[in-house]
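Here is the structure we will look at.
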Amino acid sequence: MVVNSFEIQIKNFNDYDSVNYRLVLLQGIVHLNNSDCNKISGNVLCSSLGTLVTWPVYNGQFKCLAQLTPGLNEVKLTYESALKSLFINFEVHDTDQCVVPVYFIPKDHDGRFQSAQDVDNDEESAIARIGFGMLMIQSLFAEILAERNFPRKSFQLETDLFEKVPQCRLFKSTLTVDEVVKMNDEELWEEVGRELMMSDLGSEKRKFVCFISCTLWNGNKVLADPALGGGGLALLGSASLHTWPNSLAETVTSLTNEKKLEPHLLDNSCFRGTYCGAFATSLGSAAHEMGHIFNLGHTRSGLMSRGFDNAHLLFIQVSDEEDSRGDELVPCLIEGRKVLKPTTIQQIRPQEAHLTFLEPGCAGILAYHCWFNPKSQAVPIRYNKLRHIVESEGASLKVVQVRGERGAVRRSWELRGSGKQLVVPSGHEGATLVAINSTGTILVEVL
């Protein structure tokens, strides 16, 4: 008699691996007697920091999130009779640079974001949803970097570096709701950035991810709903915040909630019309705008195009029925213009199957970016316009890009060796040159 003997294997982590962020995405397989696992479905239970969450298993594969505390952590996984423990170390980078999540409230606004009647939408709820969403985005960047064979790492949040600070800052503005809704995205980005930098929070060692509390869908158009990132600020609306989880325990529900959005709520779901669709698009949009504050440009595909609409596919295993989408029209950005591009999902490379991937040049920029690494001594980069040469003094060049309208990447060179120079072909006059070296120094210059 053969006894069913399930076994759980983790594909993307080994025991005693270290990370610099506190929410890890585990990807694994459930086997039965070392046989084909394609017919295995069900649920895996993941326990971390006293929270037990049920995650789906399809064709023997699963994904789950586990939360860590500083030091060595034990994550426990269970599938029927199978038990698996994984030990992961959480240790923040030696850095004084951090990202600060902010909930921005006009002086005459009550701080409640638009939501369904049965959803808690006060300031405390906003703080919890934004705070946990930022943990998911930390994990997202780390995983899509690892998919490009770079070390798994991410930016640090303010809560990583300092004890007893809130997971998201409340910021009471001097602006009124009327003033906020009359501004276009660029004007609002400038004004919010000015207020933040002139406040006690202001610092060149901080970047802000800011959500506007008074975003409103009035049935015809949406007001105060920016999606703009650059410099030290990513600015976003709060219209889909009601679809975000406020904790690890709520995450699977947010990722799978097929409930249709009510007519009085903004449908920012990339034509899906569901709560989980709005969550995927809005979380992915926040990550996209954060990519801009980390010097990433627009690409033809992936996170820095419209791949962010599918951010949910990174975090949860889906069934064949959900994933067999065949030929689709995938929104993407080309030279700053939104277009629909025919794509066969099954032909995408395995590391890009969730669509929220990084193109190689973007991955290279983040891998060496000073906000993704421990502090180090910067080494300058210069561009010789007469000779069309980018040169790094004493440190190897890693990525050089030429960008056109609205930061769209035209050409990208990824340098894996120790070279310190690159000749940029002529014919890009008026475009922007972006380069990074191994110390994280970034050069931005108009050609």
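Numbers for residues simply follow the sequence, beginning at 1. No experiment lies behind these values; they were computed from the predicted model shown.
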| request: Please work out which of the three classes, parallel, tilted or perpendicular, describes the rings of Tyr16 and Phe87, given edges at 30° and 60°. | output: parallel

| Single hit among His292, Arg403, Arg406 for side chain to side chain donor-acceptor pair (under 3.5 Å) with His298 | His292

| task | Quickly, which of Asn73, Thr69, Thr159, Asp160 forms a side chain to side chain donor-acceptor pair (under 3.5 Å) with Arg22? Name it, please. | result | Asp160

| message | What verdict does the side-chain contact (heavy atoms from CB on, under 4.5 Å) test give for Phe294 and Ile365, after you've listed the backbone C-alpha separation in whole Å, the side-chain angles of each residue and the deciding distance to 0.1 Å? | response | CA-CA 8 Å; Phe294 296 127; Ile365 290 173; over 6 Å; no

| Geometric cation-pi criterion, Arg152 with Phe13: 6.0 Å, 45° | yes

| said: Please verify the inter-ring angle class for Phe150 with Tyr368; under 30° counts as parallel, over 60° as perpendicular, anything in between as tilted. | reply: perpendicular

| task | Kindly compute the distance separating CZ (Phe208) from OG (Ser203), expressed to the nearest 0.5 Å. | result | 7.5 Å

| query | Do Thr215 and Gln114 have a side chain donor and acceptor closer than 3.5 Å? | reply | no

| Atom pair CD/CZ of Gln67 and Phe90 - distance to nearest 0.5 Å | 10.0 Å

| field | Option among Phe113, Trp244, Tyr103, Phe171 that satisfies the ring-ring contact (aromatic ring centres under 6.0 Å, His included) test with Phe211 | value | Trp244

| task | Quick one: pull up CD in Glu7 and CG in Leu83 and give me the separation to the nearest 0.5 Å. | result | 12.0 Å

| message | If I take atom CG from residue Asn373 and atom OG1 from residue Thr95, how far apart are they, to the nearest 0.5 angstrom? | response | 9.0 Å

| field | Working for side-chain contact (heavy atoms from CB on, under 4.5 Å), residues Leu415 and Ser396 | value | CA-CA 8 Å; Leu415 295 84; Ser396 55; over 6 Å; no

| task | Identify the heavy atoms of Val57 and Val30 that sit nearest to each other, and give their distance. | result | CG1-CG2, 4.4 Å

| field | Derivation and outcome, ring-ring contact (aromatic ring centres under 6.0 Å, His included), residues His93 and Phe372 | value | CA-CA 8 Å; His93 283 158; Phe372 277 64; 8.6 Å; no

| said: Using the rule side chain to side chain donor-acceptor pair (under 3.5 Å), only one of Lys260, Glu258, Glu262 pairs with Tyr275; which is it? | reply: Glu262

| Regarding Glu91 and Ser18, is there a side-chain donor-to-acceptor distance under 3.5 Å anywhere? | no

| request: Starting from the C-alpha separation in whole Å, work towards a yes-or-no answer on side-chain contact (heavy atoms from CB on, under 4.5 Å) for Ser412 and Gln401. | output: CA-CA 4 Å; Ser412 183; Gln401 292 186 336; 3.2 Å; yes

| note | Only one of Ser254, Cys168, Pro245 passes side-chain contact (heavy atoms from CB on, under 4.5 Å) with Phe132, and that residue is Pro245

| Is it the case that Thr356 and Asn310 place a side-chain donor and acceptor less than 3.5 Å from each other? | no

| message | Glu250 vs Arg129, test: salt bridge (Lys or Arg N to Asp or Glu O under 4.0 Å). Steps then yes/no. | response | CA-CA 10 Å; Glu250 301 296 326; Arg129 294 169 192 270; over 6 Å; no

| message | Looking at Glu124, I'd like to know if its CD atom is crowded, meaning that more than 12 non-hydrogen atoms belonging to other residues, nucleotides or ligands lie closer than 6.0 Å. | response | no

| task | Report the C-alpha distance between Asp96 and Lys375 in whole Å, list the side-chain angles of each, state the deciding distance to 0.1 Å, and finish with yes or no for salt bridge (Lys or Arg N to Asp or Glu O under 4.0 Å). | result | CA-CA 8 Å; Asp96 52 7; Lys375 58 186 176 184; 5.4 Å; no

| said: Please determine whether the number of non-hydrogen atoms from other residues, nucleotides or ligands lying under 6.0 Å from atom CD of Glu186 exceeds 12. | reply: yes

| message | Walk me through whether Lys107 and Ser173 qualify under side-chain contact (heavy atoms from CB on, under 4.5 Å). | response | CA-CA 5 Å; Lys107 66 180 181 181; Ser173 174; 5.9 Å; no

